Number of protein chains: 2
Amino acid sequence: MSRPTAHEVLAAVLQIRDGHLQVLAWQRAREPDAGRWALPGGRLRDDEDVEASVRRQLAEKVDVREIAHVEQLAVFSDPDRVPGPRTVATAFFGLVPSDADPALPADTAWHRLADLPPTAFDHALIVRDARERLRAKLSYTNLGFALAPHEFTISELRALYVGALGHPVSATNLQRVLTRRGLLQPTGAIAPPGPSGGRPAGRFRFTDRSLRVTDAFAVLRPPGEVARSAVP
Amino acid sequence: MSRPTAHEVLAAVLQIRDGHLQVLAWQRAREPDAGRWALPGGRLRDDEDVEASVRRQLAEKVDVREIAHVEQLAVFSDPDRVPGPRTVATAFFGLVPSDADPALPADTAWHRLADLPPTAFDHALIVRDARERLRAKLSYTNLGFALAPHEFTISELRALYVGALGHPVSATNLQRVLTRRGLLQPTGAIAPPGPSGGRPAGRFRFTDRSLRVTDAFAVLRPPGEVARSAVP
DNA sequence: CCAAAAGTGTTATCCGTACACCCATGG
DNA sequence: CCATGGGTGTACGGATAACACTTTTGG
């Protein structure tokens, strides 16, 4: 029949660095899957829900203040997903701003998704889901704030979107879209030009640093609603 | 520390009937929460994953062949979400076409979401999540197929969308949007007019009866991609 | 004065809603 | 011939991608 099952939480924490999507993982020292890279996480305690659990366990790897966004991805529950006692996992998706460079434990490192070493168990599936979620939400939410530093130039922001979406993004149109949606705010500060000159870039910040849906009704919106109106 | 936790699956199965969103629930006979209405579900077995489990347990209430779509919603894991041993729930969202009228057990019935009787535990949260997921996905996927019979008129389809979205929908524009996306196919058949006359309606079907995203990039789409081009 | 980078203006195109208009049937 | 409901055509506004053009710096 049905015995209690162990429950663990796992997090695919992503960051864009030098234009590449990275994920946080630690190298397993012991069997099973020794040498392979695993996502941070661990067993759910009796006195915490899954979100509290994943935040607690991530705190062992990264300063929690540097995690800009955390959300549930899905449950992974194949009976044979890990050897040993049956363990169900709640997978999370996390984002760390590109300027954060947390101190990491010795067995822990960032890895580029494009060149991911062998991963433990079903963790590659979780990473794939996380990347897809990030791509989708960048389009219809303000989730960009979680990839970006507090202040940035449009060029820097463009590089982050390129890394996350995996296709070219026009700085011109990116700025226009985010501005029209009321997500972007000029700080007034000016970034010095690079060594080869060029006009100095203005610095911007996101008006809001919590998740907001900016594009709720793609179609079939309620009558009278103007499409995707900018926020005042 | 951390003992094994019980794991259950729960499903908010929705159907539109007479223009109203309904959810399937059964009335608890025993404490705790006796008399209150609960979502179908139950304990996860050792040899099944959560999706197999929810389908198995739904089969006790509804003919599985009548469930047109099932997907994960979220994990509910508040330590006090149910009395007694700590139990984590994976919540699912299901859809039954409006023409299906499955035989139900004596304690089980459909309830309109607009007039939901007292629900057990945290099940009202799950129902709310399911309704929101349905609303969102009707806009950017072909999920309408899971609400509709195999064949239908545009008027009938419009009523389903109105019930699910909760706001007026123009039959004209609904047909145009779904047609442009290549989701709708005329069957050639004609529905007889009602008692008060009127032009007989053509009958349609969905070209595809599995979930497909039809509106992937709201903005920031890859260069060269024409916005939301129709499928040939 | 020229190259480089940032930012603004302009245009073509597409999409979705709203609404006017024609079509087919029953009484 | 009129009411009723079904379906198509058209106009309008909003949004985005693409690209030309101006602005501001370094050499």
Side-chain angles (χ1 to χ4, degrees), chain A residues 138-140 152-159 161-162 165 167-204 214-231, chain B residues 138-140 152-159 161-162 165 167-204 214-231:
Chain A
L138 277 182
S139 183
Y140 67 93
F152 46 84
T153 67
I154 299 296
S155 286
E156 290 161 0
L157 190 63
R158 187 185 79 93
Y161 274 77
V162 169
L165 294 174
H167 65 73
V169 174
S170 143
T172 297
N173 296 331
L174 178 65
Q175 176 173 18
R176 206 189 309 271
V177 165
L178 298 182
T179 300
R180 180 152 37 198
R181 297 189 169 176
L183 304 183
L184 234 42
Q185 224 173 19
T187 66
I190 301 285
S196 58
R199 174 173 170 175
R203 300 186 73 79
F204 293 81
T214 57
D215 206 16
F217 289 95
V219 296
L220 304 177
R221 48 180 173 272
E225 300 275 313
V226 182
R228 282 164 214 158
S229 62
V231 183
Chain B
L138 277 182
S139 182
Y140 68 92
F152 47 82
T153 67
I154 299 297
S155 287
E156 290 161 359
L157 190 64
R158 185 184 79 92
Y161 274 77
V162 169
L165 294 174
H167 65 73
V169 174
S170 146
T172 297
N173 296 331
L174 179 64
Q175 178 173 16
R176 203 190 311 272
V177 166
L178 298 183
T179 300
R180 182 150 38 195
R181 297 186 172 180
L183 305 183
L184 234 42
Q185 222 173 21
T187 67
I190 301 285
S196 57
R199 173 174 172 177
R203 300 186 73 79
F204 293 81
T214 57
D215 207 15
F217 289 95
V219 296
L220 304 178
R221 48 183 172 271
E225 299 275 311
V226 182
R228 282 162 215 159
S229 61
V231 185

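Letters A, B, ... are given to chains in the order of the sequence lines, protein chains preceding strands, and every chain is numbered from 1. Just so it is clear, the model here is predicted, and its values are computed rather than measured. Basis for what follows: all heavy atoms, side chains included, without hydrogens, waters or symmetry-related copies.
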Nearest whole angstrom, please: distance from the [atom2] of [N] to the [atom1] of [X].
X: B:Leu178; N: C:dG16; atom1: CG; atom2: P; answer: 10 Å
X: A:Tyr140; N: D:dT16; atom1: OH; atom2: P; answer: 16 Å
X: A:Phe152; N: C:dA5; atom1: CZ; atom2: C1'; answer: 18 Å
X: A:Ile154; N: D:dT23; atom1: CD1; atom2: C1'; answer: 16 Å
X: A:Glu156; N: C:dG7; atom1: CD; atom2: C1'; answer: 15 Å
X: A:Asp215; N: D:dA15; atom1: CG; atom2: C1'; answer: 10 Å
X: A:Leu157; N: C:dA6; atom1: CG; atom2: C1'; answer: 14 Å
X: A:Leu174; N: C:dA5; atom1: CG; atom2: P; answer: 18 Å

If you define the side chain from C-beta out and look only at heavy atoms, does anything of [X] sit under 4.5 Å from [Y]?
X: A:Ile154; Y: A:Leu184; answer: yes
X: B:Tyr161; Y: B:Leu178; answer: yes
X: B:Pro193; Y: B:Pro200; answer: yes
X: B:Leu157; Y: B:Gln175; answer: no
X: A:Thr179; Y: A:Arg176; answer: no

| In terms of the nearest nucleotide of DNA chain D, which residue is placed more toward the 5' end: A:Pro195 or B:Thr153? |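 Going by which nucleotide is closer to the 5' end, it is B:Thr153.
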> Does B:Phe204 or B:Gly198 map to a spot on DNA chain D nearer the 5' end, using the closest nucleotide for each?
Replying inline: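 The residue mapped nearer the 5' terminus is B:Gly198.
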Nucleotide N/O of nucleotides 19-23 of chain C paired with protein N/O under 3.5 Å:
| residue | atom | partner | partner atom | Å |
| --- | --- | --- | --- | --- |
| C:dC23 | O2 | B:Arg199 | NH1 | 3.4 |

Residues at least two apart in sequence or cross-chain that pass side-chain contact (heavy atoms from CB on, under 4.5 Å) with A:Ser155, listed by chain then number, are A:Thr153
Would you compute the distance between atom CG of B:Asn173 and atom CZ of B:Arg158 and round it to the nearest 0.5 angstrom?
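If we round to the nearest 0.5 Å, B:Asn173:CG and B:Arg158:CZ are 11.5 Å apart.
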To the nearest 0.5 Å, atom OG1 of B:Thr214 lies from atom CZ of B:Arg180 at 12.0 Å
Contacts of type ring-ring contact (aromatic ring centres under 6.0 Å, His included), residue B:Phe204, not counting sequence neighbours:
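So B:Phe204 forms no ring-ring contact (aromatic ring centres under 6.0 Å, His included) with any residue.
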Contact check, residues 185-194 of chain A vs DNA chain D, heavy-atom distance under 4.0 Å, returns A:Pro193
* For D:dG27, does OP1 or OP2 lie under 4.0 Å from any side-chain N or O of A:Ser196? ->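 No, no such contact exists.
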### N or O in side chain of B:Gln175 less than 4.0 angstrom from D:dG6 OP1/OP2
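Checking B:Gln175 against D:dG6: no side-chain N or O falls below 4.0 Å of OP1 or OP2.
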inquiry  = Using C1' atoms of five pairs at each end, report the bend of the helix from C:dC1-D:dG27 to C:dG27-D:dC1 rounded to 10 degrees.
reply    =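 What I find for the helix from C:dC1-D:dG27 to C:dG27-D:dC1 is an axis angle of 20°.
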Work out which heavy atom in B:Val169 is nearest to a heavy atom in B:Val162; give both atom names and the distance.
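It is N-CG2, 3.8 Å.
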Query - Contacts of type salt bridge (Lys or Arg N to Asp or Glu O under 4.0 Å), residue B:Arg203, not counting sequence neighbours - result: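 Here the qualifying residues are B:Glu151.
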